[in-house]
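Everything on this sheet refers to the single structure shown next.
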Amino acid sequence: MLQLKKVSKIYEGKVAYRALTDIDLDVESGEFVAIMGPSGSGKTTLLNIISTIDSPTTGEVKIDEKNPHQLKKNELAKFRRNELGFIFQDFNLLHTLTVEENIVLPMTLDGKRVKEMKKKAAEIAMTLGISPILSKRTFEISGGQAQRVAIARAMIHQPKLLLADEPTGNLDSKSSKDVMEMLVNINKQEKTSLLMVTHDPQAASYSDRVIFIRDGKLHSEIYCGESRQAFFQKIMDMLSLMGGDSSDYSSIRV
Amino acid sequence: MTIRQFAFKNVFRNKRLYIAYFLSSLFTVMIFFTFALFAFHPTFSAEGFNQYAMFGMAVAGGIIYIFSFFFVLYSMSSFLQSRKKEFGLLILLGASDRQIRRMVFMENLLIGFLATIGGIATGILFSKAILLIAENILIIEESLPFYFPTMAIAVTFISFILLFLCISFFVAFILRTKKLIELIKGDKQSKGEPKASIILSIIATILLAAGYITALQVEGLDVLAAMIPVILVVTIGTYLLFTQLSVYILRYLRRNKLIFWRKTNMVLFSDLSFRMKDNARTFFMVAIISTVAFSAIGTLYGLQSYLTKGVKDAHPFTITYQPWDGDNEEEVNQDIETINKIIETGNLNAKMESVELNYFNIEDDNYLIVSATDFNRFAMLADENTVQVEPDEAIVVEQSQAALMQGKKASEILMGLNVPLTDGQKIQPSTVIQSEVLPAFYGMYIVNDDKFNQLGEPERTDYTVAWQVQNANTDQIIELGRKISDQIAYRAVVAEYTIFEINRGYGPILFIGLFIGIAFFVSAGSFLYFRLFSDLDADKQKFRSISKIGLSIGELKKIVNRQIALLFMSPIIVALLHGTVALTALSNFFNYNLTLEASIVLGSFALIQIIYFLIVRFFYIKQLIKSIS
Ligand SMILES: Nc1ncnc2c1ncn2[C@@H]1O[C@H](COP(=O)(O)OP(=O)(O)OP(=O)(O)O)[C@@H](O)[C@H]1O
Ligand SMILES: [Mg+2]
């Protein structure tokens with residue numbers, strides 16, 4: 001589904017900064033992968049490169065056998081529309097639109113029929129429990145609700161790959177549990193591949209596999225075994241092994 | 001929801017963001033419409049109205065239109081800048097370039113359409129007032145009644161729909177997508193200080209100083225020669241002033257912790273330098289545009305005052321009559337008779353004096369010499385000081401108008417000569433006085449009556465008659481002037497009427513100049529408004545977080561007050577300085593004191609700007625406080 005080959009990123013500036021070094025990564029179709037690592041280790045950079053927001057300095061990204069960075073502009077637009085979904089940590093909803101309009105935005109761009117969009121939005125809102133707020137404007141809803149709207153928007157067009165940057169970063173433990181369960185649901189039911197950056201070991205423990213990044217390099221990875229509880233413990237161990245105490249990982253940054 | 005609906009919703013639900021763009025577009029339309037309203041007025045299209053004035057009006061209309069184009073384009077692109085993030089997000093969601101361009105195109109067309117309608121509507125609302133003002137400035141006999149301006153509406157509507165259509169196409173291309181990451185980070189990304197170099201800062205100072213000193217030093221015709229280079233030097237200097245020197249000073253202040261870390265200074269300065277890159281460009285543009293406005297209006301006003309004052313000075317009497325060289329006595333007497341009759345039929349009282357002006361040969365040139373009695377008769381008629389001339393002296397009279405001429409002043413020449421008498425004696429000139437009571441463009445001598453009789457035969461004799469009308473108001477005199485100029489063209493001058501005619505011919509030019517100047521000035525104001533309000537959201541966020549650490553409302557007001565004052569006042573102060581220098585140069589050119597005119601023009605602009613500043617500040621602070629509490 002997703003393949004990274006020797007992806008590196010150097011930020012040019014007064015002093016060039018090497019944010020990523022030779023990252024190799026494979027994500028299977030329908031797999032749920034969490035990415036963890038200390039602050040400044042390059043997680044957001046990596047996600048930005050995969051989501052085509054930014055381009056790698058060297059190396060290759062392939063999604064469904066296609067390299068999005070080499071597509072023509074129009075094809076790229078279509079590719080983003082059909083294959084990718086993105087959840088930002090700070091939601092990035094358009095405040096001129098209502099919740100419902102925000103959700104259907106990707107379909108609008110695709111020129112879908114209004115009836116179809118309405119139906120889809122209603123369905124998805126039902127699953128995510130945001131039906132009552134559909135007609136509200138974005139500044140009238142809470143952070144947790146906004147997060148769910150962002151998720152709804154990211155998945156309404158059934159993307160093949162869903163990318164999430166700290167989707168639970170702004171939420172309390174109850175809401176983040178809800179959100180995680182929703183993501184897992186989507187992952188299981190729609191067979192959507194999921195790549196999620198998180199600082200929260202609890203959230204990471206919902207995944208099939210956790211990848212640890214440090215100083216822009218792959219550090220290690222662990223797979224989920226039989227029990228989520230044991231997985232959580234393994235993640236905690238790895239984090240303390242990587243250094244820094246675990247409270248570092250509850251910071252919220254994008 | 002389709003893309004079209006999306007575009008419409010964007011506009012209607014996001015009013016505050018769009019309002020600045022909308023309003024400045026509306027204003028532009030209104031200015032153009034007002035101009036058209038006036039230009040297409042039936043009074044002017046009736047035949048007989050000055051063709052040149054009509055041509056001037058068409059040119060001015062063109063200038064306003066072209067300026068509108070660039071102005072709207074600038075507003076639009078700065079408006080789009082503030083929406084980078086939104087575009088980035090849409091692209092990430094899979095919007096193609098074409099879709100985004102189409103959306104912007106439709107939005108822009110919608111705003112353009114509404115602004116055109118709104119501008120015309122506001123224009124109609126104020127049309128009566130505008131026509132009244134025009135009537136007064138233009139000095140036209142017919143009043144400008146209100147009319148339904150079908151033509152003006154049509155022209156404005158078509159012109160601006162076309163303009164917005166063009167700009168919509170244009171803007172869609174400006175929007176060539178940059179890197180997505182830049183768009184998405186958009187507002188977070190620091191615009192930063194432009195690079196400031198010491199050398200360029202010094203060059204800025206040198207250029208400005210050199211430009212100013214040159215402009216203030218040159219006199220007479222040299223002003224024209226120096227004009228273009230000085231304008232260039234000062235323009236570049238101004239640009240460097242805002243992009244280099246000011247940044248340099250800010251940076252110096254920042255480094256100085258004693259100043260920078262004092263109280264609220266940190267918030268104020270950090271913000272200023274953070275926005276300096278945007279500000280510098282805006283400052284430069286506003287300063288230059290305002291300078292153009294100030295100088296244009298100042299020049300026109302100064303020129304008018306110069307022309308009318310010249311006529312008034314040269315003609316201290318109500319009516320002055322001077323026959324031409326070939327006219328015989330009969331014709332002259334007939335003319336005088338005619339004038340007297342016209343005065344009589346107007347039921348006016350007038351005193352009349354006439355005199356022969358005799359030119360005598362001194363050292364191969366002819367010079368005008370009059371007797372003290374003759375001079376005093378005219379001086380008394382003009383209600384000016386009489387002179388007392390001793391037998392052994394001659395008084396030299398100079399006229400202020402002569403100063404425009406190249407070469408030596410008349411008084412210098414006359415003071416260097418002696419007046420020879422028939423008995424071989426010579427009279428020494430003693431003093432120089434200024435007087436316009438007798439027409440003596442090249443200066444003249446006044447001598448004692450006894451000595452005057454010993455001057456011998458004159459080489460040439462002119463004749464001049466003056467009337468001073470008593471207790472008549474301006475209208476009566478103008479009426480008188482009209483009759484006299486109808487019957488005795490050129491030989492008789494009624495000063496009041498000549499001035500009236502000058503003003504009348506000058507009115508359209510003044511009006512057009514005023515219009516364009518004001519249009520420029522208003523758009524400069526809009527630039528500032530844009531600059532300020534595009535930062536409102538960032539400011540809200542900033543002050544919300546600072547107020548949480550304990551910034552009182554009073555302190556907030558102080559910071560914001562200074563911030564806006566700097567933004568609104570610094571370019572205008574520079575423009576006022578530029579304008580003062582330009583008008584000083586103009587007054588050196590004419591050798592005519594323009595202090596009063598310059599003060600009126602620059603003072604009124606300064607006042608308008610201050611009022612504008614106070615209003616904007618009030619609303620800005622209100623918005624900020626509302627967002628905090
Ligand atoms: N535009 C940029 N220019 C230069 N350096 C950058 C830029 N963006 C990020 N960096 C640097 O690259 C490194 C990785 O940044 P990144 O945002 O990927 O970290 P992160 O792992 O997401 O951190 P966090 O967990 O705090 O969000 C950081 O050291 C950061 O300073
Ligand atoms: Mg991050």
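Note that this is a predicted model, so its numbers are computed, not measured. Each chain gets a letter, A, B and so on, in the order its sequence line appears, and its residues count up from 1.
Note: A:A77 leads A:P106, A:P159, A:A77, A:A154 in heavy-atom pairs under 4.5 Å with chain B. Each of B:S96, B:G94, B:A95 has some count of heavy-atom pairs under 4.5 Å with chain A, and the biggest count is that of B:G94.
Both the backbone and the side chain of A:N92 come within contact range of chain B, judged by heavy atoms closer than 4.5 Å. Only the side chain of A:F88 comes within less than 4.5 Å of a heavy atom in chain B; its backbone stays farther off. The contact between B:L89 and chain A is made entirely by side chain atoms (from C-beta outward), counting heavy-atom distances below 4.5 Å. Only the side chain of A:R137 comes within contact range of chain B, with at least one heavy atom under 4.5 Å from a heavy atom of that chain.
For the pair B:T116 (side chain) and B:I161 (backbone), a donor-acceptor distance under 3.5 Å is absent.
For OH of B:Y620, the number of neighbouring non-hydrogen atoms (other residues, nucleotides, ligands) closer than 6.0 Å is greater than 12.
Checked for salt-bridge contact, A:K136 and A:E100 miss the test: no charged N lies under 4.0 Å from a carboxylate O. Of the charged side-chain nitrogens involved, at least one lies within less than 4.0 Å of a carboxylate oxygen, so that A:D54 and A:K9 count as a salt-bridged pair.
A:K160 pairs by the salt bridge (Lys or Arg N to Asp or Glu O under 4.0 Å) definition with A:D64, A:E83, not counting sequence neighbours.
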